[in-house]
There are 2 protein chains.
Amino acid sequence: MDSRASSAPRVVIVGGGFAGLSAARTLRRAPVQITLVDRHNHHVFQPLLYQVATAGLSSTNIASPLRHILRRQRNATVLLADATGVDLRRQRLILGDGELPYDFLVLAAGATHSYFGHEEWSRHAPGLKTLNDAIDIRRRVLLAFEEAERETDEARRAEWLTFVVIGAGPTGVEMAGTLAEIARHTLRGEFRRIDPARARIILVEGTDRVLPPYPADLSEKAQRQLERLGVVVFTRKMVTGVDARGVWLGEERIAARTLVWAAGVAASPIGRSLGLPVDRAGRVKVGTDLTVPGHKEVFVTGDLALVEQDGRPVPGVAPAANQMGRQAALNIIRTLEGQPHSAFHYVDKGSLATIGRKAAVAVIGRFRLWGAPAWLAWLGIHIFFLIGFRNRIVVMLDWALAYFTYQRHARLLLGPPSPVRSAEAGEAPAHSLTHRSS
Amino acid sequence: MDSRASSAPRVVIVGGGFAGLSAARTLRRAPVQITLVDRHNHHVFQPLLYQVATAGLSSTNIASPLRHILRRQRNATVLLADATGVDLRRQRLILGDGELPYDFLVLAAGATHSYFGHEEWSRHAPGLKTLNDAIDIRRRVLLAFEEAERETDEARRAEWLTFVVIGAGPTGVEMAGTLAEIARHTLRGEFRRIDPARARIILVEGTDRVLPPYPADLSEKAQRQLERLGVVVFTRKMVTGVDARGVWLGEERIAARTLVWAAGVAASPIGRSLGLPVDRAGRVKVGTDLTVPGHKEVFVTGDLALVEQDGRPVPGVAPAANQMGRQAALNIIRTLEGQPHSAFHYVDKGSLATIGRKAAVAVIGRFRLWGAPAWLAWLGIHIFFLIGFRNRIVVMLDWALAYFTYQRHARLLLGPPSPVRSAEAGEAPAHSLTHRSS
């Protein structure tokens, strides 16, 4: 079947996120053979992952198979594999079970959350970077309400009804706002012994305000909108401990059964495997042409790259990843045409963070928006950029229905059978349910 | 919160499938307190599970949270728990972690596939009864094509491209027909080294024809439609062995990496736990009023019940389950009103099995349909009975798009990371991928 194998230069792209796909698409007419390597078979529209975690969208709404996205691009192949390192000298990508030679390499393996050296916290406070993460968090949130309904001890019930989101960047703010909506609206009337609206949603931030990269006045507006939804915001609080029953903030403890981690940045370990300079988060320092020192054929893009512009790092957002992927591809084309690389220049199209129904903040050029106008801008932009026509239609329908009914249709507990009272450290002995008859 | 706890009779229903929900809804105005117990938090529209397994529908399209379905029924509570047995004398349902007293009990825990005493086969040939099963099978099917794309040895590649469905009842026929469609249409053009249309789909049946409960002429029509789609049908073949690399049919072996089990019936073990007469499949023999011998307060319904009518057992289909659930509830109401139980009478509204695009067979009263008319009847009926308005709309949209584009949007591999070459017994050592450059 591989009779088309030619002497065309081999471009290997690691990662099917925004940066990797943008690089592959930019090369669609180039005389190269592209292999896109990813551990997952699908591209995920990450800005909407929190909607899957909070049961507003189904995982199929925000993801598309990579093969399907690239099916018409005859110079591109998708390889489902785990890239573990790079042999820069021999020009080979090291996979879990083999290796792949390249003439050009584009690393776009992304980043995940950082637990600041406490990886053991991840078990109790999962992050939100993949569809599996989102389904796991959805499961924990839904089960917490089920457990609260069964619990007879008031203090334990309060633990199940306390949700702590750690980190008040865009993801943390979106999670906290949406959890508050679920508790106050979506689940209304569905339980018989608890009132879901009594759930406490706590958002913990280490710096002095929510959404630290935003202008201070928008941070303040975001915090007020969160509080109106019922979220308790703690700023200047560092998490010093995490376990199955809560978090420590220095001397202070919050007893909570459901924790979500949305703090810090840790770049994919493949960055460090290059043996080149990286920053504390593991992002690879690249030149203005996005290549690594001494290797004009190796590009690093997206959240894995540390690119400075005007003295500040380019932010880890989807538009920046798109632009970097495109620039890396353009530089590959320039090399093939015998031209020198051109420099990457990030065009900031603005920032948007949503908080809840008709609650958001946005910076677009010189304009600052908040409340309903920011929220409408957020809706439109996210639907517009969702990959796949079908997903756009279905997401619009889901959101329209969700808006008018407050319902969230994706509230399915999936995973191992018998989810309740599953093996959990420190679980008290099972109690009888016979009290129900008294 | 339980201040409403009253002296109203306690009705405990085990299972949130068609029978259990039908019983709960029939009791909506009765002066009882209902507890619906299920291991899962959602009702699944089982007749469409195969669509999730074959990536045509997302799991959220065919399932609804039980709490949501019953949210307005104030006399009903949902309890997420594992029912393990019944203490008939003390009138208590035994749960994994407690017990629940009842005045009336409706067992509607359903059935699963039977491996005829070879439970170890289930690991290699999963059945299709829950959403988790469907997601697991979807994962296996999609990964098989990925593995075939990476495989360089022709014989091993053929193993990955062989799919065996065991059992040619309605589920097996639907699975085989849809797998053939995926191979021939959906995946067309997405792979670079394999031609998915070369996949072999084999349907194995122990009796002498597909769809054994149907009239013989419709079985023949169904088989011809399957063969036109490219399915190879083996009848009068008993599976005598199953392993990770294929199945044994007596002396004959089919090398295949993906097996789906759709044979036999094994009722929920809670039926046997009663210590009352059951049939070979574990179904509980009930009287005409659906109660068990000696216990007028204990009803068994749906696939868990063995009810004879006109000398033949009532079939294990959704309409029969609905009708039994309703009858059990009516008999509870009659008891409360001081009237004797009335007898269950199954009204057969017809049978329908789908095979693929415009391919189906149906028996409706005296009419027999096949081909496009049967398929349209099947479509209409299934959409009509799907629980939830939203799901009806989304499923219609999905199907309309799927029909015109041959696409299946739910092709997401979910589950543990690094799915390829996961720990599998008998896996050969990892091979190098450097051949790609040659």
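Being a predicted model, the structure only gives us computed values, none of them experimental. Each chain gets a letter, A, B and so on, in the order its sequence line appears, and its residues count up from 1.
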ask   = Mind checking whether A:R67 and B:E146 have side chains closer than 4.5 Å, heavy atoms only?
value = yes
query = Of the backbone (N, CA, C, O) and the side chain (C-beta and beyond), which part of B:L66 lies under 4.5 Å from a heavy atom of chain A, both, or neither?
reply = neither
ask   = Out of B:R71, B:R72, B:H68, which one pairs with A:E190 under the side-chain hydrogen bond (donor to acceptor under 3.5 Å, both in side chains) rule?
value = B:H68
remark   = Correct closest heavy-atom pair for A:R74 and B:G189 would be NH1-O, 3.6 Å
request  = Any chance you could measure B:T60, atom OG1, to A:L57, atom CG, to the nearest 0.5 Å?
outcome  = 9.0 Å
remark   = Minimal heavy-atom distance between A:T77 and B:R192, with the atoms involved, is OG1-CG, 3.5 Å
Nearest heavy atoms of A:R150 and B:L80, plus distance in Å = NH1-O, 3.2 Å
